[in-house]
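Scroll down for the structure; my scribbles are underneath it.
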Amino acid sequence: IVCTLSNVSGSVRAYRSGTWRGDAFDNLYNVGGADAANTMVAGLANVVDGSTVGFTFACSATYAGSPVPLAGLVVADAESTTNTGGEYIEATPNTAGTTWRIIERLRSAGCTTSTTAALNAAGLLRLTSDAAECSNTSPTGFGPAVVSFMQGGTSANVSLKGRGFEG
């Protein structure tokens with residue numbers, strides 16, 4: 001599987017979920033365990049706290065040198081979004097006929113904040129939350145996080161705004 005980034009605006013870096021106490025993605029998917037034990041790097045983060053970044057990603061697969069069709073790709077909030085500061089992730093598929101599906105959601109027990117998934121007529125899916133992230137209501141809180149599946153799509157234009165980057 002080969003994935004490429006192009007048309008990058010702003011600064012992004014690879015992100016390993018589990019490095020921040022409010023992460024939820026590493027509780028769903030990880031290598032080596034959740035939280036700091038996770039070694040799977042599966043996300044991108046903006047380098048400048050509170051900034052908005054954009055990029056195009058495209059993926060393809062081969063097996064023994066022959067192309068293998070992909071059923072689609074995942075777009076996820078690898079940490080947690082909060083309505084404070086207007087955080088969001090949005091993606092517009094570059095493949096006609098793409099169908100969006102929410103396939104996984106997670107938030108800590110007792111947290112009532114939800115991820116909102118809004119789809120417009122052009123196929124843009126915007127993920128944001130309806131309140132403060134769960135770590136604001138409990139020191140052991142995480143999420144909300146959501147995993148969406150871009151069925152039939154192998155490329156998308158992405159924009160994300162996040163805050164709280166440390167590093």
Side-chain angles (χ1 to χ4, degrees), residues 1-18 20 22-30 40-61 69-108 111-136 142-165:
I1 297 175
V2 175
C3 295
T4 58
L5 291 180
S6 61
N7 305 318
V8 177
S9 63
S11 297
V12 297
R13 70 168 181 90
Y15 180 77
R16 178 179 55 86
S17 189
W20 178 64
D23 284 357
F25 192 76
D26 65 295
N27 294 312
L28 292 169
Y29 308 99
N30 63 62
M40 183 173 70
V41 177
L44 293 173
N46 59 331
V47 173
V48 180
D49 182 23
S51 70
T52 302
V53 297
F55 53 88
T56 300
F57 75 89
C59 298
S60 61
L70 294 173
L73 299 173
V74 168
V75 174
D77 177 356
E79 188 181 88
S80 68
T81 54
T82 182
N83 66 349
T84 306
E87 292 186 348
Y88 66 87
I89 299 169
E90 60 186 26
T92 305
N94 293 323
T95 309
T98 299
T99 301
W100 284 105
R101 300 187 187 285
I102 301 300
I103 59 172
E104 193 97 67
R105 298 178 347 148
L106 183 65
R107 64 182 176 205
S108 55
C111 182
T112 59
T113 302
S114 294
T115 300
T116 302
L119 182 62
N120 74 14
L124 179 143
L125 179 71
R126 184 180 179 109
L127 304 173
T128 190
S129 71
D130 62 1
E133 62 212 5
C134 301
S135 65
N136 282 358
F142 54 85
V146 68
V147 179
S148 58
F149 181 58
M150 191 174 64
Q151 183 178 355
T154 58
S155 175
N157 298 319
V158 177
S159 177
L160 67 91
K161 180 178 182 187
R163 36 183 279 306
F165 174 75

- Query: Where the side chain of Ser155 meets the backbone of Phe57, is there a donor-acceptor pair that is under 3.5 Å apart?
  - Reply: yes
- Message: Side chains of Trp20 and Ser80, heavy atoms from C-beta outward: is any pair under 4.5 Å?
- Response: yes
- Item | Spatial distance of atom CG (Leu70) from atom CD1 (Ile1) [nearest 0.5 Å] | 6.0 Å
- Task: Would you name the heavy atoms of Leu106 and Ala24 that are closest together and state the gap between them?
- Result: CD2-O, 3.6 Å
- Message: What I'd like to find out is whether the side chain of Leu5 reaches to under 4.5 Å of the side chain of Leu44, using heavy atoms alone.
- Response: yes
- Item | Test side-chain hydrogen bond (donor to acceptor under 3.5 Å, both in side chains) applied to Arg107 and Thr113, step by step | CA-CA 8 Å; Arg107 64 182 176 205; Thr113 302; over 6 Å; no
- Message: Quick check: closest heavy atoms across Ala117 and Leu125, and the distance to 0.1 Å?
- Response: CB-CD1, 4.0 Å
- Message: According to salt bridge (charged side-chain N to carboxylate O under 4.0 Å, His left out), does anything in residues 114-136 pair up with another residue at least two apart or in another chain? List the pairs.
- Response: Glu90-Arg126
- When rounded to the nearest 0.5 Å, the distance separating CG of Asp77 from OH of Tyr88 is 13.5 Å
- Using atom types as modelled and distance alone, determine if a side-chain donor or acceptor of Asn136 lies under 3.5 Å from a backbone N or O of Ala132. no
- Between the side chain of Lys161 and the main-chain N/O of Asn46, is any donor-acceptor distance below 3.5 Å? no
- Query: Between the side chain of Asp23 and the main-chain N/O of Phe25, is any donor-acceptor distance below 3.5 Å?
  - Reply: no
- Query: Would a distance-only check, ignoring hydrogens and angles, find a side-chain to backbone donor-acceptor pair under 3.5 Å from Trp100 to Gly123?
  - Reply: yes
- Task: Could you check if a side-chain atom of Asn83 sits within less than 4.5 angstrom of a side-chain atom of Thr128, using non-hydrogen atoms only?
- Result: no
- Message: With rounding to the nearest 0.5 angstrom, report the CZ to SG distance, Phe142 to Cys111.
- Response: 9.5 Å
- Keeping the roles fixed (side chain from Ser129, backbone from Thr81), state whether a donor-acceptor pair exists under 3.5 Å. yes
- Task: Among Thr56, Asn157, Thr154, find the one that has a side-chain hydrogen bond (donor to acceptor under 3.5 Å, both in side chains) with Asn94.
- Result: Asn157
- Message: Which residues pass the side chain to side chain contact (heavy atoms under 4.5 Å, CB included) test with Ser60, not counting sequence neighbours?
- Response: Val2
- Message: Pairing donors with acceptors under 3.5 angstrom, does anything connect the side chains of Thr115 and Arg105?
- Response: no
- Side chains of Ser159 and Thr52 in contact at under 4.5 Å (non-hydrogen atoms): yes
- In Å and rounded to the nearest 0.5 Å, what is the CG to CE distance from Leu73 to Met150? 4.5 Å
- Starting at OG1 of Thr95, measure out to CD of Gln151 and round the result to the nearest 0.5 Å. 12.0 Å
- Task: Answer yes or no: is there a side-chain heavy-atom contact under 4.5 Å between Tyr29 and Val147?
- Result: yes
- Message: Return the CG to CD distance between Leu127 and Glu87, rounded to the nearest 0.5 Å.
- Response: 12.5 Å
- Item | Side chain proximity check, Val8 to Phe55, heavy atoms < 4.5 angstrom | yes
- Query: Quick check: does any side chain N or O of Ser148 sit under 3.5 Å from a backbone N or O of Val75, one acting as donor and the other as acceptor?
  - Reply: yes
- Message: Testing the basics here: between Ala91 and Ala156, what is the closest heavy-atom pair and its distance to 0.1 Å?
- Response: CB-CB, 4.4 Å
